[in-house]
Amino acid sequence: MFYKVTQMRSIIGLAPVVRKNMQALGLRKRFQTVYQKISPSTAHRLLYVKELVKVELVESTKSTKQMRLDRKFEPGFSVIKDGAKKVYQ
Amino acid sequence: MQTLADITKANEIGQQIPISNMFGAFKSTMIKSGGYLWKFAPKLSQPQKYRLRKRMQLVDANVDAIHNGLLLHQLEKGILPGVNASESLTGYKKLDNAKYNMPKESSMAPEDKYSTFNPNSKNYRRSLHREPKWTKRSFRENPTHF
């Protein structure tokens, strides 16, 4: 079990304690995702930044490369029969 | 003939003074005479309230995920939590407090959602959008009787 943490809000203008906790979680920019081991210290860290992130529970981690691949469209195309045909009702 | 009091009053309510009475570049507006003019809407708008509710719901979901995660981790590892811990408590004061004592968005009154305690305001309440960094902080608990 892991915490999947996605940064939703920027840390600009926030208190040093919040910024340091975000840094400790490995977060730098919005929509960045990191996976954290579950422990009391991670849980308390996340509690400090609960307004800025989205926390999910997942079974396994993913590498940055895998996350990037998941976001990609499949290359090439497939032909849909009568796909462009207009149907008037 | 307009007096200074008239001009000040007109400025306060946002009226425009005819240019003939204002001496060109030396016309006295609130910005010219005081520097900054920070404008706040008197109330939160409906979409602002909607987005605020969405953010509060996300915080609730986050607290649940953080607490559940640690609880499952403790069960998995067979770690016995603190003295006060039961089946649904992690034994960490801050985490259990956030999970069980922090008001949830769904259980809060509109007044508490959209305003917060302020010692200098009328009726000790201030609209949430007057608070610094109000979109990045939580304002769920107020002093008792306020």
Side-chain angles (χ1 to χ4, degrees), chain A residues 1-68 70-71, chain B residues 38 51-85 88-105 108 113 116 128-129 131-141:
Chain A
M1 202 74 117
F2 293 89
Y3 286 131
K4 182 186 174 189
V5 191
T6 311
Q7 183 175 349
M8 306 306 281
R9 307 295 309 273
S10 135
I11 54 164
I12 293 173
L14 291 175
V17 68
V18 180
R19 299 167 75 99
K20 280 176 184 169
N21 275 300
M22 288 296 264
Q23 203 181 12
L25 286 164
L27 291 166
R28 301 187 315 278
K29 55 181 179 182
R30 283 175 72 207
F31 306 117
Q32 184 189 0
T33 303
V34 292
Y35 292 86
Q36 288 288 343
K37 275 181 194 165
I38 296 182
S39 72
S41 51
T42 345
H44 282 91
R45 230 169 246 154
L46 287 172
L47 207 62
Y48 260 106
V49 299
K50 61 186 182 304
E51 289 90 7
L52 311 178
V53 296
K54 188 179 173 187
V55 185
E56 289 157 289
L57 289 174
V58 287
E59 284 300 327
S60 57
T61 62
K62 273 180 188 174
S63 65
T64 321
K65 203 178 173 185
Q66 188 57 46
M67 283 195 278
R68 208 167 286 156
D70 289 348
R71 252 180 274 135
Chain B
W38 287 32
R51 292 193 298 268
L52 172 62
R53 266 179 271 130
K54 288 285 156 199
R55 286 194 298 272
M56 289 172 85
Q57 284 159 14
L58 179 63
V59 171
D60 286 342
N62 284 348
V63 169
D64 278 352
I66 295 166
H67 193 268
N68 284 344
L70 191 61
L71 213 58
L72 288 169
H73 174 76
Q74 284 176 336
L75 285 173
E76 207 175 87
K77 297 278 171 185
I79 303 165
L80 285 171
V83 182
N84 298 325
S88 54
L89 291 178
T90 58
Y92 294 100
K93 216 172 162 186
K94 281 185 183 176
L95 292 171
D96 292 334
N97 200 43
K99 167 87 177 174
Y100 295 110
N101 297 346
M102 191 179 80
K104 295 261 180 290
E105 189 272 335
M108 283 168 76
K113 279 184 210 174
T116 188
L128 213 61
H129 67 303
E131 291 291 330
K133 308 289 166 208
W134 68 280
T135 63
K136 292 181 182 181
R137 290 163 59 203
S138 289
F139 305 88
R140 301 211 184 181
E141 277 156 310

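Chain A is the first sequence line, chain B the second, and so forth, proteins listed ahead of strands; every chain is numbered from 1. Keep in mind the model is a prediction, meaning the values are calculated, not measured.
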With rounding to the nearest 0.5 Å, note down the distance linking [atom1] in [X] to [atom2] in [Y].
X        : Y       : atom1 : atom2 : value
B/His67  : A/Leu47 : NE2   : CG    : 10.0 Å
B/Lys133 : A/Ile12 : NZ    : CD1   : 9.0 Å
A/Glu51  : B/Met56 : CD    : CE    : 10.0 Å

Atom [atom1] of [X]: over 12 foreign heavy atoms under 6.0 Å:
X       : atom1 : result
B/Lys93 : NZ    : no
A/Tyr48 : OH    : no
A/Lys54 : NZ    : no

Practice prompt. Take A/Arg9 and B/Thr135 through the side chain to side chain contact (heavy atoms under 4.5 Å, CB included) test and state the conclusion after the steps.
Written response: CA-CA 9 Å; A/Arg9 307 295 309 273; B/Thr135 63; 3.2 Å; yes
Discussion item. Need one label for A/Leu52: side chain, backbone, both or neither, based on atoms under 4.5 Å from any heavy atom in chain B.
Written reply: side chain
Worksheet item: Hey, which of A/Glu56, A/Met1, A/His44 has the most heavy atom pairs under 4.5 Å with chain B?
Response: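 The option with the most such pairs is A/His44.
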Discussion item. Taking 4.5 Å as the heavy-atom cut-off, does anything in residues 14-33 of chain A contact chain B, and if so which residues?
Written reply: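 Residues in range: A/Leu14.
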Discussion item. Give me the atom names and distance for the closest heavy-atom approach of B/Leu58 to A/Val53.
Written reply: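 Looking at all heavy atoms of both residues, the shortest contact is CD2-O, 3.9 Å.
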Item to complete: Side chain from CB out, backbone as N, CA, C, O: work out which of these in B/Leu95 comes under 4.5 Å of a heavy atom of chain A, or both, or neither.
Response: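 Answer is both: backbone and side chain atoms of B/Leu95 are under 4.5 Å from chain A.
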Discussion item. What part of B/Leu70 gets within 4.5 angstrom of chain A, counting heavy atoms only: side chain, backbone, both, or neither?
Written reply: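 Contact with chain A involves both backbone and side-chain atoms of B/Leu70.
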Practice prompt. Could you tell me whether the side chain of B/Lys136 and the main chain of A/Ser10 form a donor-acceptor pair under 3.5 Å?
Written response: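 Present.
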Worksheet entry | Side-chain heavy atoms of A/Tyr3 within contact of B/His73, under 4.5 Å | no
Worksheet item: Out of B/Val59, B/Asp64, B/Asn62, B/Val63, which one pairs with A/Val55 under the side-chain contact (heavy atoms from CB on, under 4.5 Å) rule?
Response: B/Asn62
